[in-house]
6 protein chains.
Amino acid sequence: MLLDRAAVQRIVASALAEDLGWGDVTTEGLIEPDLKGVAQLMAKEEGILAGITVAASVFTTADPALQVEVIVPDGSRVEPGALLAVVRGPLASMLKAERVALNFVQRLSGIATVTSRYVAAVAGTGARIVDTRKTTPNLRFLEKYAVRVGGGFNHRFCLSDGVLIKDNHLAAVRATGRSLADAVRGVRQRVPHTVRIEVEVELLAEVEEALAAGADAILLDNMDIAGMRRAVGLIAGQAIIEASGGINLDTVRAVAECGVDLISVGALTHSAKALDISMEMDS
Amino acid sequence: MLLDRAAVQRIVASALAEDLGWGDVTTEGLIEPDLKGVAQLMAKEEGILAGITVAASVFTTADPALQVEVIVPDGSRVEPGALLAVVRGPLASMLKAERVALNFVQRLSGIATVTSRYVAAVAGTGARIVDTRKTTPNLRFLEKYAVRVGGGFNHRFCLSDGVLIKDNHLAAVRATGRSLADAVRGVRQRVPHTVRIEVEVELLAEVEEALAAGADAILLDNMDIAGMRRAVGLIAGQAIIEASGGINLDTVRAVAECGVDLISVGALTHSAKALDISMEMDS
Amino acid sequence: MLLDRAAVQRIVASALAEDLGWGDVTTEGLIEPDLKGVAQLMAKEEGILAGITVAASVFTTADPALQVEVIVPDGSRVEPGALLAVVRGPLASMLKAERVALNFVQRLSGIATVTSRYVAAVAGTGARIVDTRKTTPNLRFLEKYAVRVGGGFNHRFCLSDGVLIKDNHLAAVRATGRSLADAVRGVRQRVPHTVRIEVEVELLAEVEEALAAGADAILLDNMDIAGMRRAVGLIAGQAIIEASGGINLDTVRAVAECGVDLISVGALTHSAKALDISMEMDS
Amino acid sequence: MLLDRAAVQRIVASALAEDLGWGDVTTEGLIEPDLKGVAQLMAKEEGILAGITVAASVFTTADPALQVEVIVPDGSRVEPGALLAVVRGPLASMLKAERVALNFVQRLSGIATVTSRYVAAVAGTGARIVDTRKTTPNLRFLEKYAVRVGGGFNHRFCLSDGVLIKDNHLAAVRATGRSLADAVRGVRQRVPHTVRIEVEVELLAEVEEALAAGADAILLDNMDIAGMRRAVGLIAGQAIIEASGGINLDTVRAVAECGVDLISVGALTHSAKALDISMEMDS
Amino acid sequence: MLLDRAAVQRIVASALAEDLGWGDVTTEGLIEPDLKGVAQLMAKEEGILAGITVAASVFTTADPALQVEVIVPDGSRVEPGALLAVVRGPLASMLKAERVALNFVQRLSGIATVTSRYVAAVAGTGARIVDTRKTTPNLRFLEKYAVRVGGGFNHRFCLSDGVLIKDNHLAAVRATGRSLADAVRGVRQRVPHTVRIEVEVELLAEVEEALAAGADAILLDNMDIAGMRRAVGLIAGQAIIEASGGINLDTVRAVAECGVDLISVGALTHSAKALDISMEMDS
Amino acid sequence: MLLDRAAVQRIVASALAEDLGWGDVTTEGLIEPDLKGVAQLMAKEEGILAGITVAASVFTTADPALQVEVIVPDGSRVEPGALLAVVRGPLASMLKAERVALNFVQRLSGIATVTSRYVAAVAGTGARIVDTRKTTPNLRFLEKYAVRVGGGFNHRFCLSDGVLIKDNHLAAVRATGRSLADAVRGVRQRVPHTVRIEVEVELLAEVEEALAAGADAILLDNMDIAGMRRAVGLIAGQAIIEASGGINLDTVRAVAECGVDLISVGALTHSAKALDISMEMDS
């Protein structure tokens, strides 16, 4: 569950610059740069912590003289009042970095928390909860990390590390007189052998066609429970099965019990609410 | 309600690169680059549209040969099924840009939509709904734009275009033997005359101190309704009054009716859920 | 009087790269990389020092093995021959960094020096000397810092942290049938409550109109002394008063004595001459 | 007298972003984006114009819908009131770009103007006026262009396109037991044959040593007129001769008449005052 | 066989800046910017053309006034003297861009040419020639494109779109008491289902272990022909088989005839020699 | 033989990001981040080592916790099996950085190795082997460094640090009625006095014209041995003489023996094959 240090530093530096503008005029006008202090990051709500090292990186990037002691590691379930990390060093620098640090860890913990609820809902079924590409622009690697922290799994990262032939692709293929089998064959010429080919279907008839075409995985899009169950029976282990489309916490277990391998949920990233975390200061 | 073209292009280009990786292997393997098509962006949920020109910029940045006709302008209330924009040109390019375009417009419309609900809730009271700095890292200018589209107002953009003396600042000031009045005086030396000085208070006694110190604006943090009402009476027009702290759609009207000028709501940006919008294709 | 470390490092790294090209062919051809030495930055002219930490950052960015001891802090009045800082470490690295370090500190000290002359000229009048946006492209945060070092104050940093309705804006407003009062009202919808609205006027009649429109500040542009005096009387504390337009060291005191709050001087930044500073080396 | 289009665009885009912050809140609050207008760039002072195409690039980069007609080309002597360029298109965009455009053209014209005075002062002597590396960080290519526009010549652009062995280099060389001749030989191993080797001297004895060492050019640093005259006689065409060190408009002709080939003047770039140019608008 | 336009533009702009320095002093000193001309890109050697559109992008990025007509598309076999493209427009701009354009197309054509020789050598065997990650830093997407142009296939693009468990990984795994089967299981938790897991083996015993562990693909590293043949028999379609390690044009067919699916060849990219292509000008 | 630290870091960081994608999924799935190890870089082929500090920078940029001990310095002749450097620290980080580190050092050592062969071939003749601008886009400063490491010399770095008037330039000059002498005179106006002017010729008659025009250097392009010999006699020390055009290891000595000063060889950089170097790990 690692995060690339350089990638984190780039995004953190950019976020700090966005928030700093041409200077923290409040802090600079009030607090001497060499005044030291201690601050504590505290959970104010129950959930799964994710991104505490990103928050730490915000503080140390803002000022290398700041030291951050992480008390609770990512992936922990935290209760209101839990102490997450302690920051020590120049007080002015902490104040400059506070909001950006919280913005990261609150968002990522929000994603981990909602993910963990979906994961719990399907416990014991063998289905994986996976994310989608419905992530915040330019934050994808962090958000996909938060999904893993929450117990979920990642779908492909981007357009180049997985093939997904969707209805729009297939329509274009058919419009030029080619079949799904032609499409699967064609795309195999373009992609490394390390990448699997997945085909999106809406009807049972399409499931059979996808199998015949040699799909490595089949995405059942917006099927009802009965349909999914029959699709799973039809596929019978010949391809990886993913369910998708408007699945929520109320419906996810029923979907899992159909026997699908993966359930992808856009809401993990596009609609998670931030987990409440605050910085409190001793001075 | 303008957005800086160059800033939009930078963030859009970066988001496209994030999603593209080293190529859209599915589309490139299936669809000839010169095959033309038409796609439609459609609302699938009721809400306020924001960011349709950002979505348009995604398509034209991905491929200058794409043409986007915006049907419904930002700020419009849309119903499920509403046609928002039409994209024409190379089909392969549309498919490459689809997800990124939707990610932007769904998120921004989500923010505008939730903002509009808060604005409606305080209608007629004279209170402004304002945002906070609890925005997504590196997307602040877009998210603050979405708040305006939804009928809200912006608080300061970052640490340099407004002064907000918070409890942590004040504690540090007092620890060095200075008063709030000293603090306000001190910070006026640092900031342009174009910037106002706001002081955060939690107690009525602090309201009086802030007024005496010459605060231009006073933020009532986490006060109850009774407290806020008395604070408004005390301030009596001598300073701009902002209410903040855990205010939600259920409580916002009561707060507004206390007579405050501004109500800041972090949830406008940190916990908005995406508005459902999709791209449908004719081929 | 702080400078953001990260922003300084970015501009310093870019300036070093500009001067280095593909290598310091002279030094590399002559001096072994491990030869150590000591260099001294010395004032060769009387003035106010600004940017010595920027110069230090040039040396340590060029080579982290260089150590810089700052002898005289920014804001000090220095005499010819004054020792400002001592650099120790690899001699070749000092030589590579010398010109860029001097270019920064000479320019910033030049600005602080000229600012201090204006500040001295209005001593005791209560008027602030403020800068403008007539700064060197991409060096604004450093040049505005130098103005503060020299005893001046900053006007707004850029187009987003202050409103200034100038004649060209007003002409456009009037061309569409709106009044100044409409303009002030309109712009308040766009800007945070933390930002004041300033209106530029040239005639006394316009002063009254600006007051009536609710301007927070009024800029008296190119008025003569008599006019400014009457404007100050008219405004009588209802708005912050700024004087501007061709004011120089000969005229600035008379302007200050009119009772204006601020005097903005473009020449602080657009026409300051560099303060002479040199690097001398022991070897 | 060309400027690289891409390099100009990069620096212009960065300067626009610096000035724009998160939006031109004044203009956006007042002026409809589709309101058209015409603006004129006018000289308000006598001098040599430089950078009018850079100013034009600022307008068109800010908004491609702006059109700039350059009336007077770079290198022209302009009088107060001269019309330099006309800008047509969206009025709001002109207002956003105005200050940045003027900041560039005023600074570059200031440099061209002071350069032209030095050039005029040595007319007929055969000496070239050349610039130095004492330029504004990150603006060197523009400032060196302005020197050429003013009739001056460029010295080396940076540390990699010319060798200049200065006293500090030589001291380091001697400290390791090597001679100037060793140094010249050594550096020839590092540099392309396309690059000449120049040696800085302060005394006549050093001139002879430099000649013997095979220097291609000799820089006479801070010599008096008599010394320079004797040095010129000594060198007698065996090397290019440059004079440097505190030369000003009063002394430059006497230096030129010594028969030196080049006179380098740091003040061309480090202390030029901006030429007064303004934008006036019809609306 | 598409290339992402934005990615090409970024690398082309950077390469042009590298070659331009602070200006093409030769061309600028000699040729008027409005002098027009025509230039021809010609093959001077037999091979497979790749990157002609990259070369075209160099010209149009250097100057949008240049027009490039591509005569021969990528993937064509060209003979000495073949006309590849015609460039029309400002002669000075062509000269500035010439070297960079040629550097790209010569390198990429060199890669396509050597790839085509390997592809020809295994014709009819069913084995794919694939590339490796032994590419030029920062040029990988172009070099992998050139491999496809030459008839080869791509292996994974980078560390994130394919799993390859190498001997060093396995040694570390075993050092912590885990087996290969543990490793395969472990890594499946990290990676999307769209990505296959490949295991590197050197011995036949390891082949069996890899099969048992559930490897999707097996890389036979530095095996001799007999070993590979037995490995192919052992695997018998249960996994994709890749051969690697010092395979050259003399040995590649024998390897292919063992029945492996893929043969990876680092020399396609790390040791290809440039194809000779020149620009000739009519003036 | 120095390399600019900052420039190396920029290119190394970019190359690491290219190879890392969104994470090293293999290593992250298998190896704990705190597991330590030792790795050795070993030569597997005979040649000249170049870029070992670049490889070291790859490791320490990937993870500052890695420590690299360089055993053999750049410029050394290495035999198969030679230990070049030892890397100690987190094993997972070594594995992430391995390929990028090797890609740099293999390529640069390949260039140094082929250069050393040309240098050996002309030993004792007084001719310098020099490189060209036929380098890999964006790697020029590294490749030119590798040429120096191999005993070669550098030609101009880019278009701005040397003048080379080629046939295409001259044709354009003549087309506007000017002579070569006019061209040389013209270009001297543009370039610093630190830069020499070289003229390309193909015929003996052109040699005389170039001398008369005052060329500082003359490039004999594609002349045969007899022609070069006569050209050398004709020039007789009045200009630096460079030979160029299709010279290879078989012909280079004969060219050198003609008495030319420089022999430029594009193949040093455009067609060098990588030197085989590997990383071996103890675990």
Side-chain angles (χ1 to χ4, degrees), chain A residues 1-4 6-7 75 119 126-133 140-141 144-145 147-165 186-200 215-219 239-244 260-264, chain E residues 1-4 6-7 75 119 126-133 140-141 144-145 147-149 151-165 186-200 214-219 239-244 260-264:
Chain A
M1 291 213 188
L2 297 172
L3 275 170
D4 180 47
V119 170
R128 284 184 173 192
I129 299 298
V130 301
D131 54 28
T132 65
R133 284 167 45 242
R140 187 171 289 169
F141 79 106
K144 292 211 160 219
Y145 165 77
V147 167
R148 297 200 304 276
V149 168
F153 291 81
N154 296 143
H155 206 299
R156 60 175 174 170
F157 184 75
C158 63
L159 292 167
S160 67
D161 64 337
V163 171
L164 184 46
I165 302 179
V187 87
R188 283 220 198 275
Q189 298 297 311
R190 170 67 176 81
V191 300
H193 66 282
T194 53
V195 169
R196 287 204 179 82
I197 297 179
E198 181 164 357
V199 174
E200 181 188 271
D216 300 311
I218 295 177
L219 186 159
I240 299 167
I241 309 173
E242 173 181 352
S244 181
V260 300
D261 300 297
L262 310 150
I263 303 172
S264 57
Chain E
M1 291 212 187
L2 295 173
L3 276 169
D4 181 47
V119 171
R128 284 183 175 195
I129 299 298
V130 301
D131 53 29
T132 65
R133 286 167 44 241
R140 187 171 289 169
F141 79 106
K144 291 212 160 217
Y145 165 78
V147 167
R148 297 200 304 276
V149 168
F153 291 80
N154 297 141
H155 206 300
R156 60 175 175 170
F157 185 75
C158 63
L159 292 167
S160 67
D161 64 335
V163 171
L164 183 47
I165 302 179
V187 87
R188 283 220 197 276
Q189 297 297 313
R190 171 67 176 79
V191 301
H193 65 282
T194 51
V195 169
R196 286 204 180 82
I197 297 180
E198 181 164 357
V199 174
E200 182 187 272
D216 301 312
I218 295 177
L219 186 158
I240 299 167
I241 309 173
E242 173 181 351
S244 180
V260 301
D261 300 299
L262 309 151
I263 302 171
S264 57

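Here is the naming used below: chain letters follow the sequence lines, and residue numbers restart at 1 for every chain.
- Between A/Glu242 atom CD and E/His193 atom NE2 the span is 5.0 Å, to the nearest 0.5 Å.
- Of all non-hydrogen atoms in A/Asp161 and E/Thr194, the two that sit nearest each other are O-OG1, 3.3 Å.
- Neither the backbone nor the side chain of E/Ile197 comes within contact range of chain A, judged by heavy atoms closer than 4.5 Å.
- Proximity to chain E (any heavy atom under 4.5 Å) is restricted, for A/Asp216, to the side chain, taken from C-beta onward.
- The side-chain heavy atoms of E/Gln189 and A/Arg148, taken from C-beta on, include no pair separated by under 4.5 Å.
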- request: Step by step, work out the side chain to side chain contact (heavy atoms under 4.5 Å, CB included) result for A/Arg190 and E/Asn154.
  value: CA-CA 8 Å; A/Arg190 170 67 176 81; E/Asn154 297 141; 4.2 Å; yes
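- Contacts of E/Val130 with chain A are absent, with no heavy-atom separation under 4.5 Å from either backbone or side chain.
- Minimum interatomic distance between A/Arg128 and E/Val191 (heavy atoms only, all atoms of both residues): NH1-O, 3.7 Å.
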